Number of protein chains: 2
Amino acid sequence: MTTSGALPRRRRDAAQTRLDLLDVARRRFAHDGYAATTVRHIADEAGVNVALISRYFTSKEGLFQACLTDAVTDVGRGTDDLGHGEIAARLARRLSDTPGKIEPGENRLRDGLLLLVRTSGDERIDDLRRDFLRALSEKVAVKTGNTIDESTLLRAQILLAAVLGMVLLRSTLGIQPLSAAGEDELRQPLADLIDALLGTRGHDRR
Amino acid sequence: MTTSGALPRRRRDAAQTRLDLLDVARRRFAHDGYAATTVRHIADEAGVNVALISRYFTSKEGLFQACLTDAVTDVGRGTDDLGHGEIAARLARRLSDTPGKIEPGENRLRDGLLLLVRTSGDERIDDLRRDFLRALSEKVAVKTGNTIDESTLLRAQILLAAVLGMVLLRSTLGIQPLSAAGEDELRQPLADLIDALLGTRGHDRR
DNA sequence: ATAATAAGTCAGCAAGCGTTTACTTCTAGC
DNA sequence: GCTAGAAGTAAACGCTTGCTGACTTATTAT
């Protein structure tokens with residue numbers, strides 16, 4: 001059993017509490033949106049006092065920005081190491097909820113993508129998001145073997161919009177059969193989508 | 001000029017005030033989300049007192065539900081009269097902001113679609129949304145000349161997710177070139193998208 | 001062991017929220 | 001013209017929000 005193992009785990013660990021807060025905040029911001037999420041709920045779920053949010057992140061917006069920054073590096077890292085043909089398969093696998101784990105709602109990639117679509121009203125945070133999405137669409141264009149002219153960029157962004165829309169519908173509405181679709185069901189449609197928008201025999205055959 | 005025309009326009013018109021409130025609320029709910037929108041802002045922008053929202057719609061949630069119901073009939077009506085091939089063209093035209101009008105932000109279809117993605121936390125209102133999206137995806141499947149098995153339904157919902165994602169990115173982030181793309185730029189990518197997901201030579205050629 | 005400091009808690013603030021109640025002003029029917 | 005009732009307003013209500021300052025408790029170094 002897991003009762004009273006060997007790990008000491010200091011009862012007061014600032015770095016760990018910071019991470020706990022980030023973890024809870026990311027999930028709640030992603031699922032409920034910025035305005036609907038309260039700092040008290042975050043603190044309660046993390047098991048710490050509200051005041052620590054102000055201490056570690058200055059403000060609610062500071063915490064949100066920290067979540068977004070983390071999400072950006074997370075999502076960015078996930079796109080570094082993909083080959084040319086396997087994009088759809090990887091995407092399908094990583095979008096279907098928690099391939100290995102038992103817990104139903106623990107998927108950092110999904111929550112990170114959701115965060116990209118949530119807004120706090122602060123224009124400077126939105127700039128962050130914009131810059132990252134722009135960069136991401138360029139990376140997608142390149143990874144699919146395209147040049148990055150305006151037309152291709154537009155198509156890459158439509159692909160991103162599709163993925164974001166799928167994640168949003170799956171996690172906030174629960175519409176069927178989309179929400180229950182697993183890796184196997186998602187792979188082929190995603191492949192078709194990518195091929196149609198950015199595939200080799202796609203948009204250039206005019 | 002339009003100064004002091006012939007129309008009398010009673011200074012007190014309950015039905016008209018109700019419509020004004022609905023109009024403002026729809027826009028603000030769609031753009032800022034449910035939690036970030038306050039009844040006072042809505043009332044101020046509509047030029048009436050806050051108490052009237054409670055009178056005409058019982059509560060903030062009542063107003064939101066009324067907006068959503070309107071949006072559902074709006075979006076639903078827009079999909080009734082489309083032929084088989086022109087779907088992409090129509091979609092491109094109606095998604096690009098206000099084809100005819102001068103005003104920049106007046107597009108009922110866009111706001112209606114956005115509302116489908118905004119949630120108030122009330123599960124019964126979410127049911128409304130789910131049912132409509134389900135019906136809409138079935139209609140899309142049929143309009144594209146498909147049967148409505150689970151696989152096709154999934155693909156229709158992915159298409160809907162793509163459209164919703166595009167609308168969301170265009171109106172809340174302003175990422176380029178997606179946000180500035182007009183009818184002409186959107187038509188072909190949308191056509192490719194639809195064809196790949198639900199087209200005749202698409203998903204059945206296994 | 002003890003002092004210094006980091007980590008965490010507590011209680012309360014000012015402001016904003018959705019909602020309601022009592023009131024005023026306009027409109028329509030006689 | 002007068003009046004009943006509809007349409008709209010003003011002000012306050014109880015509550016929640018994000019945030020803060022004074023306080024307590026654990027940790028670490030000497």
Side-chain angles (χ1 to χ4, degrees), chain A residues 4 7-68 118-125, chain B residues 7-29 31-68 118-125:
Chain A
S4 72
L7 70 166
R9 271 296 287 276
R10 305 156 57 182
R11 294 190 300 174
R12 290 188 168 186
D13 185 337
Q16 185 57 50
T17 349
R18 226 192 87 105
L19 288 181
D20 290 346
L21 282 172
L22 268 176
D23 210 54
V24 174
R26 163 196 282 249
R27 271 203 307 274
R28 297 202 73 114
F29 280 143
H31 270 83
D32 306 335
Y34 179 81
T37 303
T38 75
V39 289
R40 266 174 245 258
H41 285 150
I42 295 175
D44 286 356
E45 192 175 328
V48 299
N49 193 273
V50 211
L52 292 187
I53 289 183
S54 299
R55 193 206 289 283
Y56 293 143
F57 303 97
T58 317
S59 65
K60 182 187 180 184
E61 271 199 330
L63 174 57
F64 181 69
Q65 172 156 7
C67 290
L68 194 65
R118 305 297 194 182
T119 185
S120 75
D122 185 321
E123 194 57 36
R124 286 174 304 181
I125 301 185
Chain B
L7 70 165
R9 272 297 288 277
R10 305 155 55 183
R11 294 190 298 174
R12 290 190 171 186
D13 185 336
Q16 184 58 48
T17 318
R18 228 191 85 104
L19 288 182
D20 291 347
L21 281 172
L22 269 176
D23 210 53
V24 174
R26 163 196 283 248
R27 270 203 307 274
R28 296 201 74 114
F29 280 142
H31 272 82
D32 305 334
Y34 179 81
T37 304
T38 75
V39 289
R40 267 174 246 260
H41 285 149
I42 295 175
D44 286 356
E45 192 174 326
V48 300
N49 192 275
V50 210
L52 293 187
I53 289 183
S54 298
R55 195 207 289 282
Y56 293 143
F57 302 97
T58 316
S59 66
K60 183 190 181 183
E61 271 198 331
L63 174 57
F64 182 69
Q65 172 156 6
C67 290
L68 194 64
R118 304 298 190 182
T119 185
S120 76
D122 185 322
E123 194 57 34
R124 286 175 302 181
I125 301 186

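Chain letters run A, B, ... following the sequence lines, proteins first, then strands; residues in each count from 1. Computed from a predicted model, the values in this text were never measured in an experiment.
- Regarding A:Gln16, its CD atom lies at a distance of 17 Å from the C1' atom of C:dA6, rounded to whole Å.
- With distances taken from any side-chain atom of B:Arg40 to the nucleotides C:dA7, C:dT27, C:dT19, the minimum falls on C:dT19.
- Whole-Å rounding puts the A:Asp44 CG to C:dG8 P distance at 15 Å.
- Side-chain atoms of B:Thr37 come within 3.5 Å of backbone atoms of B:Gly33 as a donor-acceptor pair (strictly under, hydrogens ignored).
- In this view, A:Arg118 satisfies the salt bridge (Lys or Arg N to Asp or Glu O under 4.0 Å) rule with no residue, not counting sequence neighbours.
- Distance A:Ile42 CD1 to D:dT17 P: 11 Å, rounded to the nearest Å.
- Atom C1' of nucleotide C:dT25 and atom CG of B:Asp13 are separated by 16 Å, given to the nearest angstrom.
- Nucleotide D:dA6 holds its P atom 17 Å from the CZ atom of B:Arg18, rounded to whole Å.
- For B:Thr38, taking side-chain heavy atoms from C-beta onward, the closest of the listed nucleotides C:dG18, D:dT17, C:dT27 is C:dG18.
- The CZ atom of A:Phe64 sits 19 Å away from the C1' atom of D:dC19 (whole-angstrom rounding).
- Contact check of residues 47-60 of chain A against DNA chain D (heavy atom, cut-off under 4.0 Å) returns A:Ala51, A:Ser54, A:Ser59, A:Lys60.
- Judged by distance alone, with hydrogens and angles left aside, the side-chain atoms of B:Asp13 form a donor-acceptor pair with the main-chain N or O of B:Gln16 at under 3.5 Å.
- Ion pairing of B:Arg27 with B:Asp23 is present here, as a side-chain N (NZ or NE/NH1/NH2) and a carboxylate O approach within less than 4.0 Å.
- One can find a donor-acceptor pair under 3.5 Å joining the base of D:dT25 and the side-chain atoms of A:Arg12.
- Relative ring orientation between B:Phe29 and B:Phe64 is described as perpendicular, the plane-to-plane angle rising above 60° on a 0-90° scale split at 30° and 60°.
- A donor-acceptor pair under 3.5 Å is absent between the side-chain atoms of A:Lys60 and the main chain of A:Ile53, judged by distance alone.
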